[in-house]
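Below is one structure, written out as structure tokens; comments come after it.
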There are 2 protein chains.
Amino acid sequence: MIEINETHDQNLKSWIESANAPGTDFPIQNLPFCVFTRACTYENVRIGVAVGNFVLDVYACYESCLFDDESFAIAVTADNYCLDHSVMRKNTSVQSAFRRRLSEILSEKADENTRKSVQRNLIPIEEAQFYLPAHIGDYTDFYSSIFHATNVGSMFRPDAPLLPNYKYVPIGYHGRASSIVVSGTEITRPKGQNRTNPDAAPEFVPCRNLDYEMEVGFFVGKGNELGETISIEEAEDHIFGLCLVNDWSARDIQAWEYQPLGPFLAKNFATSVSPFVVTMEALAPFRASAFKRPEGDPQPLEYLYSEQNEKAGGFDINLEVYLQTQKMREENAEPFLLSRSNMKDLYWTIAQMLTHHASNGCNLQTGDLIATGTVSGESKEERGCLLELTWRGKEPLQLPNGETRRFLEDGDEIIMKGFCEREGFRRIGFGECRGVIAAAE
Amino acid sequence: MIEINETHDQNLKSWIESANAPGTDFPIQNLPFCVFTRACTYENVRIGVAVGNFVLDVYACYESCLFDDESFAIAVTADNYCLDHSVMRKNTSVQSAFRRRLSEILSEKADENTRKSVQRNLIPIEEAQFYLPAHIGDYTDFYSSIFHATNVGSMFRPDAPLLPNYKYVPIGYHGRASSIVVSGTEITRPKGQNRTNPDAAPEFVPCRNLDYEMEVGFFVGKGNELGETISIEEAEDHIFGLCLVNDWSARDIQAWEYQPLGPFLAKNFATSVSPFVVTMEALAPFRASAFKRPEGDPQPLEYLYSEQNEKAGGFDINLEVYLQTQKMREENAEPFLLSRSNMKDLYWTIAQMLTHHASNGCNLQTGDLIATGTVSGESKEERGCLLELTWRGKEPLQLPNGETRRFLEDGDEIIMKGFCEREGFRRIGFGECRGVIAAAE
């Protein structure tokens, strides 16, 4: 568990003015990592750190001799085109030292020479083209919101919404790594088998019930060897940082295909992630206790239980989903808020997910992405997907401009946001995870 | 569809005597690819081709100027440490030309100079250390044997063994890429949640019902871009070749965890593959019609149907599974034959699996591994896993030495073999896929 330290001090200011703006996602207390090029060239894929309205080119800073310690050099020089080949696979102590150095050179305490050197390596965020932060070897998606699982279960199995394993097993499944795309990538409506009439053959048609899922993802830092496990006490040392995930879902395809082996084509046509990875250290001030299990619920089995995890295994991260339809864009209308939920309401912590994942000796590798599943809360306004919000399409949403939505239409854009706020600390944010639906081809 | 040509001529002999032995898996008509090092050094990972009792070092042959055409050079020089960076991503015409050249230099018609050059680059197969043939970005497992699906279904859902989607949807799910290992890798018995008493909490214990699954895998050759599909007519142009797959399965973990999102820790602790990839061209003489659907079964939907696929979409590949227990090894007893099945009995062809997989625009990439699921036949002797053979452990197997087996014990070795035989053609084989069970740690 990473302690709160001087890099989290709310009074720490940057000499980069936009990093001090009250609403920014990227104050000097955040410093999330990304991978980018300058959009004018699309050349020299680089590791970056977001600060205010800029991206800091980390490799260029190294070349400018801003990192004098050897470990910093190691962290950014070898194969510097993605995080999993550099800082992501380092020990947490190296990552932490690197964060302190970044904080120093961006702080208003930095001297004039340092500022000048850094200044040359700042790229306005709107001039950057972002890429996936890591080479994602395997992608796993969990199902860790009990509110989501109960809502979905009650639509498909009204008599038994929550299966008997749910409170013992952090349920998860393998997703598709190849179709993970970065925020801003257009999402083509998939085609697939749809069977609306149970007495007729299914049709192969464009998806009719296209949905998003508001999730949080975490990147594996240090991995484990095949056959080794990761204890719940060690789990967080293997997690590098968090991002936003939109697990696009074709509900009609899913309903027909998912038995008995789970979702497949309903999910693997695309998964969007936000470009910024907020580190575990940046999140240190925003920890929460693990979900308080209702009376009567079993305690986690021993391998999933630690006092530390119960006390501070959760994350207090506010999640918001917005919809902007084609018509709304044409009318210059603001995106419409669909839901607000919070990651602290998950039944399982990410440490428990990771420990469970490796509990059979499955080898996790640096850069693997593991997502939480839809983050829904208890109330209706906290439902993290349209399946829940419109109750499988039965209760269409009324949008302010008169449009209605059961599921997503072509031209709709989904915009996800995440941020942390706590008295006595600077607000930090995750940036956005966006995607527009394009018509089926 | 690749035509039978001069490289398949049964009268073609090699100047390498062991390639002409009647029982060899690797006559000159086969020429499967692999990735290897010399076991004495474990250095210089190379692409190889198996022939008789040898592995031909393809890159060394290139350096010896045995491939004069530019396309052969391209096929073997760039990043030559795995097949997906070389021959696997080439067009079928280039692959085919490459096969013709390999056939020439290994044929008894080759001149003395050629033989001398080749000779230097032959490594006895027992001196080679094999690796995964490709960097497997994503691994997908299907469920394409209707006999397997019916048997398993009838254990878990006696009233509805086969779900309504089975005859329309080639059912598949994403597996774990990181834990795929090459034949010969020891398999550690996984631990996991096991709930035998439905009134008590599950226990976290070593797997009690450890099983194998006899499958065939195929490697994606040319991939498709995200959002693009692959028609059933083009599907086979995207398949490079086939290998044997053992999808190790923890049945007790599976039964408890698999609902509602499918198998996860029950499968992802390890998957073994044979080191040799038998190319689509080598298999040309051993094609079979697609599974003859019983009267009353629906025809495949249009996107999964082509006359060509119905006529010759299947593969006549004999599959055998052997068990050698620790005691049998100590007694020098021969491995015991557990089952014989045939790939032609699959309900879906691999072309249908591939087309279905990409039908929603999911991008398949060179080197991806797609497996068929357990290949079982109609009769009892053709059941491709212990779950079926012992009917969930209720009918233990009697081994010749007096031992019995419900599921796998520590020290058991599973040996899988595959081969093709047809009047008028040389027999070709897949080599072996082996794995010994080690005790849980």
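Predicted, not measured: the structure shown is a model, and the values here were computed from it. Naming: A, B, ... by sequence-line order, numbering from 1 per chain.
Taking chain A as the reference chain and counting heavy-atom pairs below 4.5 Å, the highest number among B/Val181, B/Ile253, B/Leu364, B/Thr185 is found for B/Leu364. Contact tally against chain B (heavy-atom pairs below 4.5 Å) for A/Trp256, A/Tyr173, A/Phe156: the top residue is A/Trp256. The candidate from B/Ala201, B/Ala270, B/Pro206, B/Ala149 with the greatest count of non-hydrogen atom pairs under 4.5 Å with chain A is B/Ala201. In terms of heavy-atom pairs under 4.5 Å with chain A, the best-connected choice from B/Gly227, B/Ala438, B/Pro202, B/Pro298 is B/Pro202. Per-residue heavy-atom pair counts under 4.5 Å with chain A were compared for B/Leu261, B/Thr188, B/Leu301, B/Leu163, and the maximum is reached by B/Leu261. Residue with the most contacts toward chain A among B/Gly361, B/Ser178, B/Ala266, B/Gly262: B/Ser178 (heavy-atom pairs, distance under 4.5 Å). Considering only heavy-atom pairs separated by less than 4.5 Å from chain B, the leading option among A/Ala177, A/Ala440, A/Gly137 is A/Ala177. With chain A as partner, the option from B/Gln365, B/Lys167, B/Glu228, B/His357 having the largest number of non-hydrogen pairs under 4.5 angstrom is B/His357.
Minimum interatomic distance between B/Gln193 and A/Tyr168 (heavy atoms only, all atoms of both residues): NE2-O, 2.8 Å. Across every non-hydrogen atom of A/Ser179 and B/Leu226, the tightest pair is CB-CD1, 3.6 Å. Here the closest non-hydrogen pair linking A/Arg157 and B/Pro260 is NH1-CB, 4.1 Å. Listed here is the closest heavy atom pair of A/Glu257 and B/Val169: CB-CG1, 4.4 Å.
In this pair, B/Phe264 and A/Phe142 present their aromatic rings perpendicular. The plane angle is above 60°, beyond the 30 to 60° band.
B/Thr140 OG1 to A/Asn268 CG: the interatomic distance, rounded to the nearest 0.5 Å, is 7.5 Å. Remark: A/Arg176 CZ to B/Asp368 CG distance equals 4.5 Å, nearest 0.5 Å.
Of the possible polar contacts, one joining the B/Asn165 side chain to the A/Gln259 backbone as a donor-acceptor pair under 3.5 Å is found.
For A/Tyr303, the part lying under 4.5 angstrom from a heavy atom of chain B is the side chain only. Only the side chain of B/Arg195 comes within contact range of chain A, with heavy atoms under 4.5 Å apart. For B/Pro164, the parts sitting under 4.5 Å from any heavy atom of chain A are the backbone and the side chain alike. Interface residue B/Leu265: backbone and side-chain heavy atoms are both found under 4.5 Å from chain A.
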Set out, in order, the CA-CA distance, both residues' side-chain angles and the distance that settles side chain to side chain contact (heavy atoms under 4.5 Å, CB included) for A/Glu441 and B/Thr229, then state yes or no. CA-CA 10 Å; A/Glu441 283 181 357; B/Thr229 60; over 6 Å; no
I'd like to know whether A/His174 forms a side chain to side chain contact (heavy atoms under 4.5 Å, CB included) with B/Asp141, so could you lay out the CA-CA distance, the side-chain angles of the two residues, the decisive distance to 0.1 Å, and finally the verdict. CA-CA 11 Å; A/His174 292 297; B/Asp141 200 11; over 6 Å; no
